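Values in this document were obtained by computation on a predicted structure and should not be read as measured data. In what follows, residues are counted from 1 in the order of the sequence shown. Counting convention: from 1, in listed order, for ligands and their atoms alike.
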Amino acid sequence: MPYFLHDVTHELVRDLQRMIGIDCCPMSLKELEEQLAQIQSEAQSSFSQASSSSALYDQKVFFLGKNGTLTEIMKKMAGLTKEERPLFGKKVNEVKSALENVYSQCEDSLKQIELEQQLQKEELDLTLPSWPRELGHPHPIHKVTEEIFQILARLGYSLRTGPLIEKDHYNFEALNIPQDHPARDMQDTFFIDGNHVLRTHTSPIQIHSLEQETPPLRIIGTGAVFRCDSDISHLPHFHQIEGMCVDKKVSMADLKGTISFFVQEFFGPGLKTRFRPSFFPFTEPSAEVDCSCPICKGAGCSLCKNSGWIEIGGAGLINPKVFHAAHIPYPEWQGFAFGFGVERMAIIKYGIPDIRLFPENDLRFLRQFKK
Ligand code: PHE
């Protein structure tokens with residue numbers, strides 16, 4: 001077919017337009033249809049050749065996106081006649097929905113392949129043994145309290161508890177520690193208000209028992225106590241365990257026999273017990289209780305500071321004033337009481353270097369008490 005210069009120029013201009021996307025010279029319906037068919041076949045082959053769902057999506061954006069090839073060709077409709085425009089618009093829509101179909105088919109099969117690949121990669125071996133599950137166990141303070149209780153239970157003692165916030169009456173007054181008495185300074189107290197304190201010892205449990213129960217009594221009071229005190233051997237929040245025996249005839253010999261039995265059961269056979277004179281307002285006479293050092297058996301070591309003895313608590317015969325305050329007839333009924341610090345008992349028994357390890361809850365420390 002002969003080429004006229006005019007035709008050649010026309011075609012060149014078109015090609016340039018296509019390359020740079022300017023539309024100064026409108027295309028005919030036929031040309032647009034050809035271009036549309038071209039786009040359709042290019043899109044179909046790129047969709048079916050996409051190697052991953054994300055690459056496929058990029059192709060979708062390229063052909064069907066807001067600024068994609070189909071949108072571009074729609075813009076060229078402006079050069080068509082009024083009658084041609086709806087015809088071409090319809091064709092574009094048909095191509096669009098055909099391409100969307102092709103897209104979703106390709107997407108389905110790529111996603112399926114990708115899922116299978118992922119499952120292969122993440123394959124679970126259900127025959128592998130599972131991680132061992134560590135079981136919990138009681139805290140050493142709980143354990144030691146329980147051990148002490150088990151020993152005293154064999155002597156006929158049974159357990160009592162009381163409130164952590166006590167009335168002044170139970171923590172002090174009824175225990176013969178009146179207002180302004182210097183003995184109040186023995187225990188650095190956390191006051192809640194003028195009439196309530198965080199209990200500074202477990203002795204208030206004795207008073208609750210004396211008020212509520214009828215003798216003879218053999219009770220153990222235990223739980224947390226609080227004092228404004230904190231260093232290597234004192235905690236502001238620690239635990240006590242306390243025994244009280246009320247009966248017809250009770251002497252220091254009964255007290256000493258009870259504690260000697262307890263010491264040998266708890267720390268080990270052969271350990272000796274000794275009493276040193278002391279003062280507690282609620283016992284008379286009163287004693288500090290020592291036992292021969294369970295670590296060196298009395299030979300002298302760093303725990304007992306080479307003395308061979310180690311202090312474990314306080315004890316004494318119940319002061320008649322305590323019986324009077326609780327309306328228990330004295331001397332018809334008499335009694336003794338003794339109290340130990342639970343942390344201190346644990347430190348001595350297990351050779352623990354620092355009392356602050358108990359509330360720290362470091363698992364490396366706590367696991368050593370698993371049995
Ligand atoms: N309650 C005393 C204290 O905390 C210990 C104690 C108990 C002393 C029983 C004598 C009798 O220090």
Problem set entry | Arg227 heavy atom under 4.0 Å from ligand 1 | yes
For this session: Please say whether Ser203 places an N or O atom under 3.5 Å from an N or O atom belonging to ligand 1.
Result: yes
Problem set entry | Atoms in ligand 1 flagged as close to Glu242, the criterion being non-hydrogen separation under 4.0 Å | 7 (C), 9 (C)
For this session: Report yes or no: does Met244 have a heavy atom closer than 4.0 Å to ligand 1?
Result: no
Problem set entry | Polar proximity ligand 1 side, His201 side, N/O cut 3.5 Å exclusive | yes
For this session: May I ask you to check if Lys143 and Phe369 form a cation-pi contact, with NZ or CZ under 6.0 angstrom from the six-membered ring centre and within 45° of the axis?
Result: no
Seminar exercise, completed: Quick note on ligand 1: atoms under 4.0 Å from a heavy atom of Gly339 include exactly 7 (C), 9 (C)
Problem set entry | Straight-line distance of Leu255 CG to Cys245 SG, nearest 0.5 Å | 9.0 Å
Exercise. Is there a side chain to side chain donor-acceptor pair (under 3.5 Å) between His201 and Gln206 once you walk through the steps?
Worked result: CA-CA 11 Å; His201 50 175; Gln206 291 184 30; over 6 Å; no
Seminar exercise, completed: Residue set satisfying salt bridge (charged side-chain N to carboxylate O under 4.0 Å, His left out) with Arg274, at least two apart, ordered chain then number -> Asp290
Problem set entry | Proximity to ligand 1 by part of Phe282, non-hydrogen separation under 4.0 Å | side chain
Exercise. Backbone or side chain, does any N or O of Thr200 fall under 3.5 Å from an N or O of ligand 1?
Worked result: no
Exercise. Excluding sequence neighbours, so at least two apart, what forms salt bridge (charged side-chain N to carboxylate O under 4.0 Å, His left out) with Glu107?
Worked result: Lys111
Exercise. At a 4.0 Å threshold, what atoms of ligand 1 neighbour a non-hydrogen atom of Gln240?
Worked result: 3 (C), 4 (O)
Exercise. Should the heavy atoms of other residues, nucleotides or ligands under 6.0 Å from NZ of Lys349 be counted, would the total exceed 12?
Worked result: yes
Exercise. Just how far is it from atom NZ of Lys167 to atom CD1 of Ile165, taken to the nearest 0.5 Å?
Worked result: 12.0 Å
Seminar exercise, completed: Looking only at non-hydrogen atoms, the one of Ala315, Ser278, Gly313 nearest atom 10 (C) of ligand 1 is Ala315
